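Below: one structure, written as structure tokens.
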Amino acid sequence: MYSIAVSACTQCFWRPLVDRCNIAAKRLKELFTGLVLGVYEKENGSDATPFTQAAASFDRSVSGKLGETLSISGPPLKKGKCRIFYGLHQDFPSVAVVGLGGKGAGLCGSENWESGRENVRAAVAAGCRQLQELEVAHLEVDPCGDGQSAAEGATLSLFEYDELKSKRKTPPVPRLHGSGDAEAWQKGVLYGEGQNLARRLMEAPANHVTPTVFADTIEQKLAAFSDRVTVHKRPQSWMESEQMGAFLSVSKGSEEPPVFLEVHYTGNPNSSQAPLVLVGKGITFDSGGISLKPASGMDAMRADMGGAATVCSAVITAAALGLPINIVGLAPLCENMPGGKANKPGDVVRAKNGKTIQVDNTDAEGRLILADALCYAHSFKPRALVNAATLTGAMDVALGSAATGVFTNSDWLWDELHKASVATGDRVWRMPLFQHYTKQVTESALADLNNVGKYSRSGGACTAAAFLKEFVTAEHWAHLDIAGVMSNKDEVPYLRKGMSGRPTRTLVELAAALAAGL
Ligand SMILES: *[C@@H]1O[C@H](CO)[C@@H](O)[C@H](O)[C@H]1NC(C)=O
Ligand SMILES: *[C@@H]1O[C@H](CO)[C@@H](O)[C@H](O)[C@H]1NC(C)=O
Ligand SMILES: [Zn+2]
């Protein structure tokens, strides 16, 4: 490869030696282009390697060398696996061939996702990541018959949070290989970048992303769409005038000022068309308050604003996509800290709708801030009201990271969310909103409601949802408990270990479906 690079550097032949070397080195770096190409599983009775269109055309351009090399390199490539080949093509010194599984894989009823799309995401991710490790400067990706999923796999897999390290890597920017499918590719990039923004906000430490910094960041990201977007960063005095006693009871335990972030995206030409209202829990750090959490693993509570992060990222993505829909995004932002003015177990606070709440556990603060935010959300007369919150550890116990738990009073909205999640592969699963659970939060010694269920741990995700329901009158409401999907170890193959930014893409897909009037 060195010899290729230096001999290719004809333009500097007459220049002084130093110049020549510099330019040669630059050319060499430019030559570090990686290419990801897909291959399906072999079908019975066929000898030909079942390449994708792009891979087949690459193979032709190197006189069949890719197919030959692949077949002598080992057994057929399995789904989601990757093999790298060097030196096949002058423009692409490294080629990652990735296994896409069976051709024509479609909707999988038991998995509740589009297997073909999920396979493309995972395979492209495997290729991108291996090429990233080789430090390629440029990266081209085969759309693998589904440009959007390929772009999502590439964009999501390359993300790494290293903003606070002195030695930062510059990840290669993935580009579409070939000219087809450019629109789908671009859409996938936006979906992936939306989720990456949520991941960045969640991963960032709580002393860097305070309520104020969070709100400023979202405002800054939305500045590009100022013709269709307005941003309000409501201060504490506004919350007081709105009588958000439940939210304020949480925020006053911290020295950090709370912010109620309100963003309006007017994508529908008819600005009075009823909006989709998204509400996200924005606890930028959750110590548990006086009901202090155990020290072990408490650092992860910097991501307790995952609801706000995913919801705001979804609004930004909707704006970037130019979706013809009106969206209001709301994020109550504060810390939950054990300060001198913090809630004490047994305290009674009054929410915006007048209901009184006995706070028996100060670590069940998410439902307190959401209570007021949900009341306020109704003032926009939503067409659909969706809130997302890392609300309960019980949700993680119930479903783990497989799916977001959805508690909803609307079969229509459930259907829309479910369809959206099948398309994105970032799944949802329906959970109950029985009266059974309501009874367990509406019996309280001192107040109308108790912020913990009567039988404490039993059905914890369900009693939390039943609590929120006490602040909802909207016909189409869904509560998304995202505590289980907050972080990724290795379960989702196209995300690295760390905060997941889930389910941003599903929220975007929901907005897109509602915009299309489906
Ligand atoms: C391939 O062959 C196996 C065994 O003969 C059979 O079970 C399978 O259904 C075949 N697949 C296709 C796609 O024809
Ligand atoms: C705009 O939306 C409102 C509310 O749905 C509706 O009453 C009105 O007729 C719409 N206007 C137009 C021009 O479509
Ligand atoms: Zn908590």
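Each ligand, and each atom within it, is numbered from 1 in the order the structure gives. The chain is numbered in sequence order, starting from 1. Predicted model only: the values in this text are computed from it and were never measured.
- Asp216 has a carboxylate O that lies under 4.0 Å from a charged side-chain N of Lys233, or vice versa, which qualifies the two as a salt bridge.
- Ring centroid separation for the pair Phe260 and Tyr376 comes in under the 6.0 Å cut-off.
- Residue Gln273 places its CD atom among more than 12 non-hydrogen atoms of other residues, nucleotides or ligands, all under 6.0 Å distant.
- Of all protein heavy atoms, the one lying nearest to atom 14 (O) of ligand 2 is Asn270 ND2, 3.4 Å.
- Coordination check, Glu365 versus the Zn ion (ligand 3): passed, since an N/O/S atom of the residue sits under 2.8 Å.
- Between Glu152 and Arg117 there is no salt bridge, since no side-chain nitrogen of the basic residue lies less than 4.0 Å from a carboxylate oxygen of the acidic one.
- Nearest protein neighbour of atom 5 (O) of ligand 2, counting heavy atoms only, is Gln273 OE1, 3.9 Å.
- Within the 4.0 Å cut-off (strictly below), no protein heavy atom is located near atom 7 (O) of ligand 2.
- Using a 4.0 Å cut-off between a side-chain N of Lys or Arg and a carboxylate O of Asp or Glu, Asp347 and Lys344 qualify as a salt bridge.
- Distance remark: protein heavy atom present below 4.0 angstrom from atom 11 (N) of ligand 2.
- Under the 4.0 angstrom criterion for non-hydrogen atoms, Ser272 is in contact with ligand 2.
- Here the angle at the Zn ion (ligand 3) defined by OD2 in Asp286 and O in Asp363 stands at 170°, rounded to 10 degrees.
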